[in-house]
Amino acid sequence: MQKSRIIIALDYPSAEAAAALLAQLDPTRCRVKVGKELFTAAGPTFVSKLVQQGFDVFLDLKFHDIPNTVAKACQAAAELGVWMLNVHALGGGRMLAAAREAIDSSAHRPLLIAVTILTSMGPEELAQIGLGGEAGEHVRRLARLAQEAGIDGVVCSPLEVAMLREHIEPSFKLVTPGIRPKGAAAGDQTRIMTPAEAIAAGSDYLVIGRPITQQPDPMAALAAIEKEIE
Ligand code: C5P
């Protein structure tokens, strides 16, 4: 059986705050994402513990620095035993290549994913940093740059999946947040798709936070999403 395509976002301020949810999660039925907030509060020991408990961990720290620094950070993340980690494609081709090389020379080789354009940025903000014009064009260009550097995939909006699938080879992983099951509250997400729609469009992994974590019965919410995807 293929392991779960669902990555649950552990958006919590501390290890203690995440504990109640983690106690209910079955590591064979989902993967988990640790982002900047939880990592900064709980640290690498917490991540190692999740790995020891059998969880596939996506370490979402979006590294973006000079090539040497990013390479070392990727190496340190790989040594924690994480399943997936990410860097910013805007760091450039040399930085992406350095990240690739660092992971390839690690004993443990997690999936290496790039972030293209942050989905929080609208046209005006993008123009302010010299990225005017069509956002999709920048996403496409950066995804191609990542692929050329040997990166395994990108994080993108579910609405960009179909477009990227046309331009990028099929093995390139597409990881999509902005997922809302039918009837779920959108919250602060605007460009959303249901789990089934995102998978049908060509998404490989779904990053889902509140529609699971904020439910009275998170495992029931997960089961409903699994059923929808099937
Ligand atoms: O609760 P929700 O399902 O909106 O959580 C989505 C997760 O994906 C959060 O951890 C959020 O930071 C992350 N994310 C996102 N949009 C992006 C990149 C990451 O929502 N473009």
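All values below were derived from every heavy atom in this structure, side-chain atoms included, with hydrogens, water molecules and symmetry-related copies excluded. This structure is a prediction, so every number in the text was calculated from the model and none was measured. Numbering of ligands and ligand atoms starts at 1, following listing order.
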If the cut-off is 4.0 Å to any non-hydrogen atom of R180, which atoms of ligand 1 fall inside it? 1 (O), 2 (P), 3 (O), 4 (O)
For atom 15 (C) of ligand 1, which protein heavy atom lies nearest, and how many Å away is it? P177 CB, 3.4 Å
From the list T176, I199, L159, V161, side chain to side chain contact (heavy atoms under 4.5 Å, CB included) with M193 holds only for L159
Whether over 12 other heavy atoms sit under 6.0 Å from Q215 CD: yes
Which bit of P211 gets closer than 4.0 Å to ligand 1, counting heavy atoms only: side chain, backbone, both or neither? side chain
Backbone N or O of I113 within a donor-acceptor pair of the N86 side chain at under 3.5 Å? no
Atoms in ligand 1 flagged as close to G209, the criterion being non-hydrogen separation under 4.0 Å: 1 (O), 2 (P), 3 (O), 5 (O)
Does the R180 side chain pair with the main chain of A185, one donor and one acceptor, at a distance under 3.5 Å? yes
Quick check: K62 and ligand 1, any N/O pair under 3.5 Å apart? no
Do the rings of Y205 and W83 sit parallel, tilted or perpendicular, given the 30° and 60° boundaries? perpendicular
Is it true that, when you exclude K36 itself, more than 12 heavy atoms of the residues, nucleotides or ligands shown sit nearer than 6.0 Å to its NZ? yes
Identify, by atom number and element, the atoms of ligand 1 in contact range of V207, meaning under 4.0 Å from any of its heavy atoms. 7 (C), 8 (O)
Please answer whether the main-chain N or O of D65 pairs with a side-chain N or O of T69 as donor and acceptor at a distance below 3.5 Å. no
Are any side-chain N or O atoms of R31 and backbone N or O atoms of S4, one a donor and one an acceptor, separated by less than 3.5 Å? yes
Minimum-distance protein heavy atom relative to atom 21 (N) of ligand 1: T119 OG1, 2.5 Å
R210: numbered ligand 1 atoms lying under 4.0 Å from its heavy atoms: 1 (O), 2 (P), 3 (O), 4 (O)
Between Q189 and ligand 1, find which residue part has any heavy-atom pair under 4.0 Å and reply side chain, backbone, both or neither. side chain
Go through ligand 1 atom by atom and flag the ones less than 4.0 Å from a non-hydrogen atom of A9. 7 (C), 10 (O)
Which residue owns the protein heavy atom closest to atom 12 (O) of ligand 1, what's the atom, and how far is it? K33 NZ, 4.2 Å
for atom 9 (C) of ligand 1, nearest protein heavy atom and its distance come out as D11 OD2, 3.2 Å
